[in-house]
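So the structure is just underneath, and the comments pick up after that.
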Amino acid sequence: KAGVTQTPRYLIKTRGQQVTLSCSPISGHRSVSWYQQTPGQGLQFLFEYFSETQRNKGNFPGRFSGRQFSNSRSEMNVSTLELGDSALYLCASSSQGGETQYFGPGTRLLVL
Amino acid sequence: AQTVTQSQPEMSVQEAETVTLSCTYDTSENNYYLFWYKQPPSRQMILVIRQEAYKQQNATENRFSVNFQKAAKSFSLKISDSQLGDTAMYFCAFISNRDDKIIFGKGTRLHILP
């Protein structure tokens with residue numbers, strides 16, 4: 001099976017812009033979770049989607065949003081970008097959630 | 001709230017040696033999973049090993065094994081016959097059956113020296 005894929009792999013934006021990141025889970029997996037990784041805060045959970053519904057959400061401002069499509073692909077959107085949003089954004093999938101998650105290669109976002 | 005603590009920010013060992021990475025966690029849940037993930041310089045997060053809390057037997061995967069002490073809430077990773085390719089950041093992680101978010105420790109940066 002193909003692994004989790006994320007696009008784009010690298011992105012440079014300026015403050016105030018918005019960005020959309022995409023994640024395609026492993027075939028058959030219905031749960032997709034998003035994480036932000038920064039040197040200062042480490043790995044932090046953003047949100048999790050299952051069957052097109054957000055089941056769980058971390059402590060991030062409303063500028064961070066996501067959605068999941070019927071084919072389980074997920075997108076994450078960050079509006080009004082801030083310098084502190086520069087991070088590696090990781091997507092992970094699992095078949096049901098609450099179990100082993102498999103990670104994609106990540107999208108590295110740089111906000112200037 | 002669940003927490004995961006890795007007390008060793010950085011470690012170095014010689015190739016072929018055995019190294020143990022420590023992890024403690026705190027939870028009131030009874031059913032959960034614990035994981036060790038490896039993140040090499042490529043930044044790809046790779047699952048190393050997992051342990052179901054209801055299983056008393058420690059998980060093993062080739063050169064990787066864990067020492068799971070449920071009562072003590074301890075979950076250490078032992079890497080035997082360490083190889084240069086084991087150089088990476090290692091994250092201990094927790095997920096409960098009632099929740100769908102992984103709680104990660106801060107990580108241990110492991111250097112395998114030739």
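Here is how names work: the chains are called A, B, and so on, in the same order as the sequence lines, proteins then strands, and each is numbered from 1. All values below were derived from every heavy atom in this structure, side-chain atoms included, with hydrogens, water molecules and symmetry-related copies excluded.
- Of the N and O atoms on the side chains of A/Arg67 and A/Ser74, not one donor lies less than 3.5 Å from an acceptor on the other residue.
- Interface remark: A/Gln41 contributes backbone atoms only to the contact with chain B (heavy atom separation under 4.5 Å).
- Contacts between B/Arg43 and chain A at a heavy-atom distance below 4.5 Å involve backbone atoms as well as side-chain atoms.
- Contact annotation for A/Phe47: neither backbone nor side-chain heavy atoms come within less than 4.5 Å of a heavy atom of chain B.
- Interface check for chain A: of the options B/Glu52, B/Lys106, B/Gln39, the most heavy-atom pairs under 4.5 Å are formed by B/Gln39.
- In terms of heavy-atom pairs under 4.5 angstrom with chain B, the leader among A/Ala92, A/Gly42, A/Pro105, A/Gly58 is A/Pro105.
- Between B/Tyr25 and B/Phe68, the ring planes are parallel. Angles under 30° get that label, and only those over 60° would be called perpendicular.
- Of the two parts of B/Tyr32, neither the backbone nor the side chain holds a non-hydrogen atom closer than 4.5 Å to a non-hydrogen atom of chain A.
- Each of B/Thr108, B/Ile49, B/Thr20, B/Leu110 was scored for a side-chain contact (heavy atoms from CB on, under 4.5 Å) with B/Leu77, with one residue passing: B/Ile49.
- The aromatic rings of A/Tyr35 and A/Phe103 are tilted relative to each other, their planes meeting at an angle between 30° and 60°.
- The environment of NZ in A/Lys13 is crowded: more than 12 heavy-atom neighbours from other residues, nucleotides or ligands sit within 6.0 Å.
- Ring geometry for A/Tyr102 against A/His29 counts as tilted: the plane angle lies between 30° and 60°, on a 0 to 90° scale.
- When the candidates A/Asn56, A/Leu46, A/Val4 are compared by the number of heavy-atom contacts under 4.5 Å with chain B, A/Asn56 comes out ahead.
- The contact between B/Ile102 and chain A is made by backbone and side chain atoms together, counting heavy-atom distances below 4.5 Å.
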